[in-house]
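Here is the structure we will look at, set down as structure tokens.
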Amino acid sequence: MSGAFTKSMARNIFYGGTVFFFLLFLALSFDTHSQLPKRDMRANITPQIAEGKKLWEVNNCIGCHTLMGEGAYFAPELGNVVVRYGDEGTKAFIQARPKDGIPGRRSMPQFNFTDEQLDAIVAFLKHVNSINDANWPPNDQG
Amino acid sequence: MCAMTAIAPTAPETPARRLPGDLAIWFFILAEMLAFAVFFSAYAFARATHVAEFNLYQQTLDRNLGALNTVLLITGSWFVVLAVQAAHRDDRPAIPRNILLGFLCGAGFLAVKVVEYAAKFGAGISMSTNTFYMFYISLTFFHFMHVILGMVILAILWVQARKGVYGSHDAHGLESGAAYWHMVDLLWIVLFPLVYVMR
Amino acid sequence: MQFKSQAVAKPYFIAAIGLFVGQILFGLILGLQYVLGDFLFPAIPFNVARMVHTNLLIVWLLFGFMGGAYYMIPEESETELFSPKLALALFWIFLVAGALTIVGYLAVPYATLAELTGNNLLETMGREFLEQPLPTKLGIVVVALGFLFNLTLTVLKGKKTSISLVLLLGLWGLAVFFLFSFYNPVNVVLDKFFWWWTVHLWVEGVWELILGSFLAFVLIKTTGVDREVIEKWLYVIVTLTLITGIIGTGHHYFWIGTPEYWQWWGSIFSALEPIPFFAMTVFAFNMVNRRRREHPNKAAVLWALGTGVMAFLGAGVWGFLHTLAPVNYYTHGTQITAAHGHMAFYGAYAMVNLMMISYAMPILRGRAANSNKSQVLEMWSFWLMTVAMVFITLFLTAAGILQVWLQRASDTPLPFMVAQEKIALFYWMREWAGVAFLVGLVIYILSFFVGGQEEKAA
Amino acid sequence: MNALKNPAHRAWLVLLVATAITWYLGEVGAAGTLSIVAMLLIAFVKGRLVILDFMELRNAPALWRALLEGWLILVSSLILLAYWISLK
């Protein structure tokens, strides 16, 4: 019948194949890094945007929202929220959240942000919106 | 239609229906060929929606170098077949010699490809230039990596062959490596007309 | 039990099951918050509950992996564990650190927790699944290194089987790729790019080595099929896993600012990812059909077959459903992703841990297998949890398809919250399926306390 | 010609000639249905020679021979289908 099937050959192929495909992945990642500056708008990152990203993180926004589609699916996508609400609208929405929620409905917590913090968050969200993410999401509703 | 016409005088007396090499390498070959099959079809179907673009930029590829590379790979494959045949008739010195010749053909392929890439990259072309170049670079580079892997395998076979591991008593490893090298050839045989010529 | 030191696995398994219960309870809270938005608000907002749910999942799976490895490695290496004391010490460190982290999540606002735990020194918090405070992250690294040190020295002084080599490779990979959780650049695209090096290369890479290795171990033990046969197939399967899974990372690089060629590379390679899962299912059934003995532990065999099938369905089929870029353009970040995530994690990783526990726990308690009564109960829990998970997945898929239709594909796309209200029925059904899952879990735990004394063997 | 009794030698010669034909078709700028079919046929013949005489699957178990030849048929037909769509 068919040829032999040996463990040592299977093992060698496992090691060789893994190394091979990992190297290929590294090569693609390397190319990605050379292309990213054209897409991720890193030249525009200001300290304010960095502060906004930090606020985004330490308040665990990703625990309810998605950002470029990644996160939790409990609340709307925020990568394009500035398109939906505008800068001022976004700030007003965050500020207006009732402390004890809305009876029977989902509501965002009241985070008591200062004006500077709100500006930083919006700057960050505007920055995310400016990233070239291949035209995602499909429409403004996110 | 092709059953008995192919028995060569040097062919080993194989028991009927034998798969050369190790089953494990054939699984690997199959998986790789599947990945390429999907990639080839992706190229063809992407082209169907960008015909003008593909036809235009295909003209910028160097068909002469592509054809030269086909010849190199076919010849490299042929040498490795000769190495396997030499093992089956216990012609010990001919085994590493033919493997080495096959390896050199591979090296020639890489050199030609580097010349080709240098011209393209020098002109500022990258995977992000357009869909055609994305496929051209992806497919040929993916294949390029396989040629390198094939050459690594040939190098190991060469060392083993010089130690006298292979012969009519045991050509298991040699046949497995050879099968992989032929796969590299087979893939290019589809890739070359598809990307360089067909329009 | 062949080696005394295998006993250290027991506390790990018990902790794993305990945390699993916590995970499911928080899952039910989340499910309820989906339909009764103000449930437990503002005491436990959704983001906190979700963080607890997912972190408990990760931690209990890690406890399971560690317990399984401590059980398996001495038996495979045919030698006592290098240091059972270290293993026990690390158990308590990990448990206390884990518990403190969860308490921290629940007791203070996340921003305060970040402040208190030195997030300002190195900002790593607030990214999905990697929410742990810096000290916890460092603790994970310490525990992982101690654990790997212990296991590696055990293997080095004993027999080196293929199964333990694959396991060690998986565990070392787990530790190495976790290091990317410490890299959090200001550039959000880079942040996301390397975030996946932890998340994807864990669950669709090195974790699958752990899964394959555990499965192979239990199959050898319960079927009596030749080690040689099982090990060479293990190699073939994990090869297929990595050659598709590594480049398959690209299916996360479609819409996060990375170059567009990833849409092709990611689609092509992740389209092949179901193949290794399918191979694993065929492998498990084949080995069980070729069994050379009837192992008394029927429940463990059931879990082994179940993990193959459910991993194929959850990770393979449900993954494939939305992995092609043109489809993913519409489904990215919807309930379809949630559906896939639930079934894949349960099928691949929850079930393989339950399989290991099911096989090892009776032996750790001094018998080859549990009494018939206990096994019948365990198998009931298997079917209840598994069927409940199938329904959770189906309801979430239905919710997701509707969501995509209303919010993304329609000519007059609805706002997110409006679409959510229209699909609330499916969230209710998902919650009831979740309750059924909890019932299954309770029965599972009961099976540990029922009729254990009947058949004393081993 | 004793050398031609070796299937590998024969396959090598045919492969060289076939490559030359494909290259020539490119040089004269052949395009359209006929040339696509011709080039796919040439690729098919070449691939089959590699499978049967280089990989030595001529006398392999039917399953493996069918898998590899099936791959060739599958790939060629998918390409043909896609080109046919593009010509419509």
Side-chain angles (χ1 to χ4, degrees), chain B residues 19 21-50 53-54 57 120-121 124-146 149 153 172 176 180 183-184 187 191 194-195, chain C residues 162 166 189 193 208 212 226 228-251 253-254 256-280 282-283 286 316 320 323-329:
Chain B
L19 183 68
D22 197 293
L23 192 61
I25 195 79
W26 286 103
F27 279 119
F28 189 56
I29 288 173
L30 213 58
E32 296 258 54
M33 286 175 58
L34 206 55
F36 269 100
V38 183
F39 231 135
F40 289 150
S41 333
Y43 171 92
F45 284 96
R47 180 188 175 276
T49 54
H50 301 78
E53 178 194 319
F54 274 55
Y57 292 106
K120 291 288 172 290
F121 295 157
I125 290 165
S126 77
M127 285 207 284
S128 303
T129 304
N130 59 38
T131 310
F132 176 77
Y133 282 125
M134 194 293 289
F135 272 108
Y136 161 68
I137 295 173
S138 294
L139 275 169
T140 56
F141 182 71
F142 190 33
H143 181 268
F144 184 83
M145 294 272 293
H146 281 80
L149 180 58
I153 292 172
H172 183 72
S176 306
Y180 191 82
M183 177 203 77
V184 174
L187 294 171
L191 199 160
L194 180 65
V195 177
Chain C
S162 303
V166 170
V189 178
F193 187 87
E208 286 188 51
D226 255 6
E228 195 71 10
V229 174
I230 288 192
E231 287 186 336
K232 63 192 180 189
W233 282 106
L234 172 66
Y235 274 131
V236 170
I237 289 168
V238 291
T239 309
L240 289 173
T241 299
L242 292 185
I243 66 180
T244 57
I246 294 175
I247 310 269
T249 314
H251 63 199
Y253 295 161
F254 294 165
I256 60 165
T258 31
E260 276 152 56
Y261 53 77
W262 284 110
Q263 291 178 26
W264 293 98
W265 282 90
S267 300
I268 289 167
F269 279 88
S270 63
L272 301 173
E273 277 188 60
I275 295 172
F277 283 109
F278 184 69
M280 205 174 300
V282 174
F283 165 67
N286 236 310
F320 180 78
T323 202
L324 300 179
V327 176
N328 193 261
Y329 184 65

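Chain letters run A, B, ... following the sequence lines, proteins first, then strands; residues in each count from 1.
Heavy atoms of other residues, nucleotides or ligands lying less than 6.0 angstrom from OH of B:Y57 number 12 at most. Atom CZ of C:F278 is surrounded by 12 or fewer heavy atoms from other residues, nucleotides or ligands within 6.0 Å.
Of the atoms belonging to C:Y235, not a single heavy atom falls under 4.5 Å from chain B.
With sequence neighbours left out, C:E228 forms a salt bridge (charged side-chain N to carboxylate O under 4.0 Å, His left out) with A:K7. Scanning for ring pair (Phe, Tyr, Trp, His ring centres under 6.0 Å) contacts around B:F121 gives B:Y117, with sequence neighbours left out.
Heavy-atom proximity under 4.5 angstrom to chain B picks out C:T239, C:L240, C:I243 from residues 237-249 of chain C. Residues of residues 133-143 of chain B that come closer than 4.5 Å to chain C, counting heavy atoms only, are B:M134, B:F135, B:S138, B:F142, ordered by residue number.
Side-chain contact check for B:M127 versus C:W264: every heavy-atom pair is 4.5 Å or farther apart.
For chain C, the option among B:A24, B:A42, B:A31, B:S41 with the highest count of heavy-atom pairs below 4.5 Å is B:A42.
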